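Fair warning: this is a prediction, and the values are worked out from it, not measured in the lab. We count residues from 1, following the sequence as given.
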Amino acid sequence: MTFSLSKSFQSWLYPFQGLIAGLPVMDRYIATELIPPFLFGVGAFSSIGVAIGSLFDLIRKMTELGLPLAMAVQVLLLKLPEFVVYAFPMSTLLATLMTYSRLSSDSELIALRGCGISLYRLVVPAVVLSFLVTGTTFLFNEVVVPRANYLAANTLEQALSNRDKVSFQEKNIYYQEFTPGTDQIARLFYAKEFDGKKMKGLTILDFSQGGLDQIVTAESANWNFAKNTWDFHNGTIYVVATNGSYRNILKFEHQELKLPRAPLDLATKGRDYTQMNIAESEAYLDLLRQGGDEQKIRKLTVAIQQKYSLPFICVVFGLVGSVLGSKPQRTSRATSFGLSVLIIFSYYLLSFVFGALGQTGTLSPFLAAWAPNLLGLAVGGFLLVQASR
């Protein structure tokens, strides 16, 4: 059984008819067979992802925390692009597996190969579709998803806390500054609150001379852009002796201190990895490198590489799906869907394991992010060679 092209779907295809019409007949036929199950997969996998990843949590927040229905719907719509991005590779696998299985079951692939067309040539439409979806996934993941996730987080926080400047207000800001080239902490920076202009409730522990040398507390502090220093207000500096006692205590109303600007950058940014594109992630990585926290640096470096590697999962799934579907066997749509889920689960499990190895430093960030893709391409290439014999 095939997906029939309804009138509404045919009208949706009108803008692309010129492009499709320019293709060879075989490619045009396979392309039109691939598109409907791909769109079905995007809708199905996105719906499942939204339901599991956001819908149930939003319902809980509505019943327990009083989240307004309108806000819940808005957050749900803003979270949708993230799950659409994850659905693109899965839908590529489903579409290729389902389409080529149907062509194989109806002996159409046998007829084409009997005309002298090799299996390598038959999978070209699937690979081309995979590259197109790869580009779309990359654009979505760079342009749409980070902004949508950021707005979703702010909208949810504002609805639950009734605050006006969510994007600037932060609490409990920690920053560790390490001595360059070592894993020794030079300073610990803590601020109780940031209102967009000033840090409030600050405490700084200075270990730059090898031990705890001084403690700085202040009611507030702001960054002096003209002098590239911190202006601390209404505070106290405790100078600590080697035996741990206070050697001197200095109270002040205003004091300039040359400390890194990084804590302000951290507070102003207020985003996690899913809310930043590659350029923003690279800028944040430079900030982390100033502090020298190797664990966070590795974690973000792996995440950046995964932003590059994620879209190319479509190519892996497109190749594997078309080759597996080309085997001479009768496969129902339910079987194709189940096989797709199994392959997807196995692939993402492998990706999670390699990512964890990269974050612990066992593998390089590049290898941790790209190894699953390389292994997938190797498996797909091997299956293609075997099936073409």
Undergrad: Who passes side-chain hydrogen bond (donor to acceptor under 3.5 Å, both in side chains) against D57, sequence neighbours left out?
TA: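 Applying side-chain hydrogen bond (donor to acceptor under 3.5 Å, both in side chains) to D57 gives R60, K61.
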Undergrad: Is any NZ, NE, NH1 or NH2 atom of the basic residue among E142 and K307 found under 4.0 Å from an Asp or Glu carboxylate oxygen of the other?
TA: no
Undergrad: Say whether, by atom type as modelled, one donor and one acceptor occur between the side chain of T134 and the main chain of P311 under 3.5 angstrom.
TA: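 It does hold such a pair.
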Undergrad: Side-chain donor-acceptor contacts of residues 83-90 below 3.5 Å, not counting sequence neighbours, with atom names and distances?
TA:
none

Undergrad: Using the rule that Ile, Leu, Val, Met, Phe, Trp and Tyr join whenever any side-chain heavy atoms are under 4.5 Å apart, tell me whether Y29 and L39 fall into a single cluster.
TA: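 Hydrophobic grouping puts Y29 with L39.
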Undergrad: Would you mind writing out the side-chain donor-acceptor pairs for residues 249-256 within the sub-3.5 Å range, not counting sequence neighbours?
TA:
from, atom 1, to, atom 2, distance (Å)
K251, NZ, T236, OG1, 3.4
H254, NE2, D231, OD1, 3.4
E256, OE2, K227, NZ, 2.9

Undergrad: Side chains of residues 71-80: which donor-acceptor pairs under 3.5 Å do they make with residues two or more places apart or in other chains?
TA:
from, atom 1, to, atom 2, distance (Å)
K79, NZ, E82, OE1, 2.9

Undergrad: When you measure from the side chain of T92 to the backbone N and O of S130, does any donor-acceptor pair fall under 3.5 Å?
TA: no
Undergrad: Starting from I52 and following side-chain heavy-atom contacts under 4.5 Å between hydrophobic residues (I, L, V, M, F, W, Y), which residues can be reached?
TA: I48
Undergrad: What residues form a side-chain hydrogen bond (donor to acceptor under 3.5 Å, both in side chains) with T362, not counting sequence neighbours?
TA: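 By the side-chain hydrogen bond (donor to acceptor under 3.5 Å, both in side chains) rule, T362 matches T360.
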Undergrad: Mind checking whether L357 and L310 sit in one hydrophobic cluster, side chains of I, L, V, M, F, W, Y counted as touching below 4.5 Å?
TA: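 Shared cluster, no.
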Undergrad: Ring pair (Phe, Tyr, Trp, His ring centres under 6.0 Å) with Y238: which residues, sequence neighbours excluded?
TA: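 Ring pair (Phe, Tyr, Trp, His ring centres under 6.0 Å) list for Y238, sorted by chain: Y246.
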Undergrad: Going by ring pair (Phe, Tyr, Trp, His ring centres under 6.0 Å), name the pairs with one or both residues in residues 90-139, residues two or more places apart or in two chains.
TA: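 For residues 90-139: none.
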Undergrad: Residues in side-chain contact (heavy atoms from CB on, under 4.5 Å) with R121, at least two apart?
TA: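 Result, side-chain contact (heavy atoms from CB on, under 4.5 Å) vs R121: P24, M26, D27, I117, S118, V124, P125.
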Undergrad: Sequence neighbours left out, what passes ring pair (Phe, Tyr, Trp, His ring centres under 6.0 Å) with F38? Give chain and number order.
TA: none
Undergrad: Can you name the residues that form a ring pair (Phe, Tyr, Trp, His ring centres under 6.0 Å) with F312, not counting sequence neighbours?
TA: W370
Undergrad: Under the side-chain contact (heavy atoms from CB on, under 4.5 Å) test, which residues partner A356, sequence neighbours left out?
TA: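 None.
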Undergrad: Might you point out which heavy atoms bring A126 and S322 nearest each other, and give the distance in Å?
TA: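 So the two residues come closest at CB-CB, 3.8 Å.
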Undergrad: Keeping the roles fixed (side chain from T301, backbone from P365), state whether a donor-acceptor pair exists under 3.5 Å.
TA: no
